[in-house]
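Take a look at the structure set out below.
Please read all numbers here as calculations on a predicted model, not as lab measurements. For ligands, and for the atoms within them, numbers begin at 1 and follow the listed sequence.
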Amino acid sequence: MDLTYTEAEQAFRAEARAWLEANVPRGLASGDTAAGFAQHVEWEKRLFDARWAVVSWPERYGGREASLWEWLIFEEEYYRAGAPARVTQNGIFLLAPTLFEFGTVEQQERILPRMAGAEDLWCQGWSEPGAGSDLAATKSRAVRAADRGGWLLTGQKTWTTRGAFCTHLFGLFRTDPDSERHRGLSYLMVPLDAEGVTVRGFQRLDGDEGFAEVFLEDVFVPDEAVLGEVGEGWRVAMATAGSERGLTLRSPGRFLSAAEQLIALARERSGAATPLLRERVTRAWIDAEAYQLFTLQQVSAIVAGRSPGAASSLNKVFWSELDIRLHESALDLLGADAELDGPWSRGFLFSLAGPIYAGTNEIQRNIIAERVLGLPRR
Ligand SMILES: Cc1cc2nc3c(=O)[nH]c(=O)nc-3n(C[C@H](O)[C@H](O)[C@H](O)COP(=O)(O)OP(=O)(O)OC[C@H]3O[C@@H](n4cnc5c(N)ncnc54)[C@H](O)[C@@H]3O)c2cc1C
């Protein structure tokens, strides 16, 4: 790894920092509430207008053709500036890399600019009542409607983050009725205002109402809604999962910034910082730095043409457990004040979900055991 930044990279950082310092909005409501979502969308449109929404994308889609290193620099600056969590993330960080890899030129040109500009807002429709960890148990089906040049979708998706506010969903559907498990699935993209779609929002543990169940009843989508080959949905979905567990969804900037805030809190509450707590704060900072270095190592490998593959499961376990430890230390520093609603107590509640979403940590440990360490399945 070469950890020195070039002059161009340093200039990129300075430009991003200056723009963010001048433009980051303060005090937005949570993006998982209806009012907060609208405020976040407005912010993301401003990001797009200034060409900071999707820095690594081609210029024709609103990006800056930034390298992976520059993207990481931007993320670091974004979190350092305390900028709002991205409500477009399921589109720009999960679906977009998959579209770049498997999409046709027509799909890329039609979908990516509107996604980048926060005109179309995407949610992830994978989980079903009977298919969470076991995604291959997907039952939602797509029946060929050859006379209309498309598919009729029927089924139920659940735990759809911000599904209650989004405009489009991507998900897995069984296109071969005789198939089982990983075979015969296809990856489809569905507008949520299509006839036959019912979206029912519901609350999370923290009271935000952004979760949804999505019911589909004979919803027609054209052939262009299939991403990748028909029947190859599992392979396409695993590329999305790699992005979700690995690099793009949780960049190190997020944890570096949280660790800095934790250190500031420990200084502010120095009376509460027992030797043990000081050690935990130090450990959180070391872990955030270690995660940064691990990510840089992965980026070096990607730039050299190697795919992180199953190793993205290591990332996922590490960042999700780090996030909980970091928030627990903050709550202990806050003492009784932690009972009050505030960024640390809300952050703590959300951190508890980290070992569940993007594939539970038990599942990641199975993947690490079998595919990274090569241990026997039983
Ligand atoms: C905050 C949040 C946001 C989410 N957003 C989305 C979203 O936008 N879109 C979406 O599609 N889904 C989303 N999910 C759903 C998430 O992907 C699932 O909750 C997750 O995959 C687990 O599935 P499940 O809830 O059905 O639990 P189950 O699969 O029923 O698992 C229950 C428990 O059993 C364990 N377990 C299951 N199988 C095994 C095994 N083989 N070995 C060891 N342990 C096992 C699990 O680890 C877990 O502890 C979200 C979840 C959360 C918490």
Residue portion contacting ligand 1 (non-hydrogen atoms closer than 4.0 Å) for Asn361: neither
Closest approach of any protein heavy atom to atom 16 (C) of ligand 1, naming residue and atom: Ser127 OG, 3.7 Å
Where ligand 1 meets Trp126 - atom numbers and elements under 4.0 angstrom, heavy-atom basis: 11 (O)
Side-chain ion pair, Asp134 and Arg181, N-O less than 4.0 Å: yes
Those atoms of ligand 1 less than 4.0 Å from some heavy atom in Ala353: 1 (C), 53 (C)
Identity and distance of the protein heavy atom lying nearest atom 9 (N) of ligand 1: Gln124 O, 2.7 Å
Verdict with supporting geometry, Arg80 and Glu260, salt bridge (Lys or Arg N to Asp or Glu O under 4.0 Å): CA-CA 9 Å; Arg80 184 181 169 277; Glu260 289 298 333; over 6 Å; no
Electrostatic pair Glu76:Arg13 at N-O distance under 4.0 angstrom: yes
Atom indices of ligand 1, in the order listed, that fall short of 4.0 Å to a heavy atom of Ile363: 38 (N), 39 (C), 40 (C), 41 (N)
Ligand 1 N/O within reach of Asn90 N/O, cut-off under 3.5 Å: no
Ring centers of Phe100, Trp57 separated by less than 6.0 Å: yes
Heavy atom of protein inside 4.0 Å of atom 40 (C) of ligand 1, strictly below: yes
Heavy-atom nearest neighbour in the protein, as seen from atom 49 (O) of ligand 1, with distance rounded to 0.1 Å: Glu362 OE1, 3.6 Å
Any side-chain donor near an acceptor of the partner, Glu224 and Gln107, under 3.5 Å: no
Atom 22 (C) of ligand 1: the protein heavy-atom neighbour that sits closest, reported with distance to 0.1 Å: Thr360 CG2, 3.6 Å
Atom 5 (N) of ligand 1: nearest protein contact (heavy atom, Å): Thr161 OG1, 2.7 Å
Selected option - heavy-atom contact closest to atom 2 (C) of ligand 1, from Phe170, Phe350, Phe211: Phe211
Under-4.0 Å salt bridge between Asp223 and Arg144: yes
Ion pair Lys45/Asp49, N-O distance below 4.0 Å: no
Atom 32 (C) of ligand 1: nearest protein contact (heavy atom, Å): Ser133 OG, 4.9 Å
Proximal atoms of ligand 1 relative to Tyr357 (non-hydrogen, under 4.0 Å): 1 (C), 2 (C), 3 (C), 4 (C), 50 (C), 51 (C), 52 (C)
Atom 20 (C) of ligand 1 [closest protein heavy-atom partner, distance rounded to 0.1 Å]: Ile356 O, 3.7 Å
N/O separation below 3.5 Å, Asp134 to ligand 1: no
Protein residue, atom and distance nearest to atom 13 (C) of ligand 1, heavy-atom basis: Trp159 O, 3.0 Å
Side-chain donor-acceptor pair present, Tyr187, Thr240, cut-off under 3.5 Å: yes
Salt bridge present between Arg174 and Glu128 (N-O < 4.0 angstrom): no
4.5 Å side-chain heavy-atom contact, Glu15 and Phe74: no
Heavy-atom closest pair, residues His40 and Ser30: CE1-C, 4.0 Å
Residues Glu44, Arg86: salt bridge by 4.0 Å N-O rule: yes
Per-atom contacts, ligand 1 versus Asn366 - under 4.0 Å to a heavy atom: 40 (C), 41 (N), 42 (N), 43 (C)
Selected option - heavy-atom contact closest to atom 23 (O) of ligand 1, from Pro355, Pro129, Gly132: Gly132
Protein contact for atom 34 (O) of ligand 1 (heavy atom, distance under 4.0 Å): no
